[in-house]
Amino acid sequence: MGCGCGDATKKLRARNFALPHHVCDSGDVTARPTLRERKKQATREALQAAALRLALEHGPDNVRVDDIAEAAGVSPRTYNNYFPSREQAIVAAVTAERASRVAAAVAGRPADVGLADAVIDAVVGQYADSDDHAPEALLMITTSSALRACYVDTVTTIEGPLAGALTERCPDLDRLTAQVLSASVGAGARVALRQWLEAARVAPSMPGFVVPSGSLPDLMRTALTPLVPALDAAATRARRGSPARTEVDH
């Protein structure tokens with residue numbers, strides 16, 4: 001069961017999530033970003049793109065922060081304001097839009113789709129779809145222990161936007177519950193991704209190359225399935241207007 005919102009409302013929320021927006025640390029989604037925020041986002045995207053391109057061309061170990069900054073047209077000092085390492089910039093180029101896509105997918109599902117199905121399908125879908133650079137970028141990530149660790153850590157970036165999407169989908173869901181549920185989803189996805197990478201094997205025909213084994217989407221779905229009762233129970237309580245609130249009023 002859904003949370004009682006109409007399909008038209010769901011479509012509107014999905015469209016709003018797909019538009020440029022700013023997500024606060026708390027998971028709240030605010031209005032369109034300011035000019036300063038757009039400039040910062042453009043700089044971040046330029047650094048990400050430069051980092052990935054240089055890493056694919058020369059190998060991640062042969063790319064310096066100075067090289068990335070120069071390719072993006074900024075100073076190394078500016079680079080350090082956005083990323084603490086070259087690995088984070090490289091991985092961010094592959095994962096940057098994942099959080100907003102998950103949030104949009106959750107908010108956009110029809111009202112008659114259960115909350116658990118909406119959330120799990122949204123997360124799994126991000127690991128089922130790929131873009132043009134994903135195969136070679138993923139191969140590069142799996143061959144570097146530093147990039148693998150960073151790649152796993154980026155899963156947690158879905159938590160804030162996902163919490164916002166949960167409360168958008170179920171307006172009566174209290175904020176703390178939404179944050180706990182989204183953190184649980186992030187933790188489950190992180191475990192699945194780490195296990196998938198740890199199961200990687202060395203390709204016999206390509207010494208030095210690591211090839212992940214098994215289906216990541218299937219593993220992701222299996223890891224998130226234990227959260228189904230909690231997600232659906234929270235949606236049911238919100239729909240019934242349960243008086244059990246966990247937020248503290250200030």
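For the numbers below, each heavy atom of this structure counts, side chains included, while hydrogens, waters and symmetry mates do not. Sequential numbering from 1 along the given sequence is applied to the chain's residues.
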Atom [atom1] in [X], atom [atom2] in [Y]: separation rounded to 0.5 Å?
| X | Y | atom1 | atom2 | result |
| --- | --- | --- | --- | --- |
| Leu56 | Glu136 | CG | CD | 5.0 Å |
| Ile120 | Thr222 | CD1 | OG1 | 10.0 Å |
| Thr157 | Leu162 | OG1 | CG | 11.0 Å |
| Arg38 | Thr34 | CZ | OG1 | 7.0 Å |
| Thr236 | Leu231 | OG1 | CG | 11.0 Å |
| Glu87 | Thr154 | CD | OG1 | 13.0 Å |

Measure across [X] and [Y] and return the closest heavy-atom pair with its distance rounded to 0.1 Å.
| X | Y | answer |
| --- | --- | --- |
| Thr177 | Ala234 | CG2-CB, 4.1 Å |
| Val155 | Gly186 | CG1-O, 3.5 Å |
| Val94 | Ala137 | CG2-CB, 3.9 Å |
| Arg169 | Ala107 | NH1-O, 4.4 Å |
| Ala103 | Pro161 | CB-O, 3.6 Å |
| Val123 | Ala189 | CG1-CB, 4.3 Å |

Test salt bridge (Lys or Arg N to Asp or Glu O under 4.0 Å) applied to Arg239 and Asp172, step by step: CA-CA 7 Å; Arg239 188 171 63 250; Asp172 292 325; over 6 Å; no
From CA spacing to verdict: salt bridge (Lys or Arg N to Asp or Glu O under 4.0 Å), Asp218, Arg221: CA-CA 5 Å; Asp218 289 347; Arg221 186 174 295 278; 5.9 Å; no
With side chains defined as the heavy atoms from C-beta onward, is the minimum distance between [X] and [Y] less than 4.5 Å?
| X | Y | result |
| --- | --- | --- |
| Asp61 | Arg86 | yes |
| Met140 | Leu52 | yes |
| Ile158 | Ser182 | no |
| Gln179 | Leu166 | no |
| Gln126 | Val102 | yes |
| Leu138 | Thr142 | yes |

Apart from Val74 itself, residues in the same hydrophobic cluster as defined by side-chain heavy atoms under 4.5 Å: Leu47, Leu54, Val63, Val65, Ile68, Tyr79, Tyr82, Phe83
Partners passing salt bridge (Lys or Arg N to Asp or Glu O under 4.0 Å) against Asp153 (at least two apart in sequence or in another chain): Arg190
Transitive ILVMFWY side-chain link Val228 to Val185, under 4.5 Å: yes
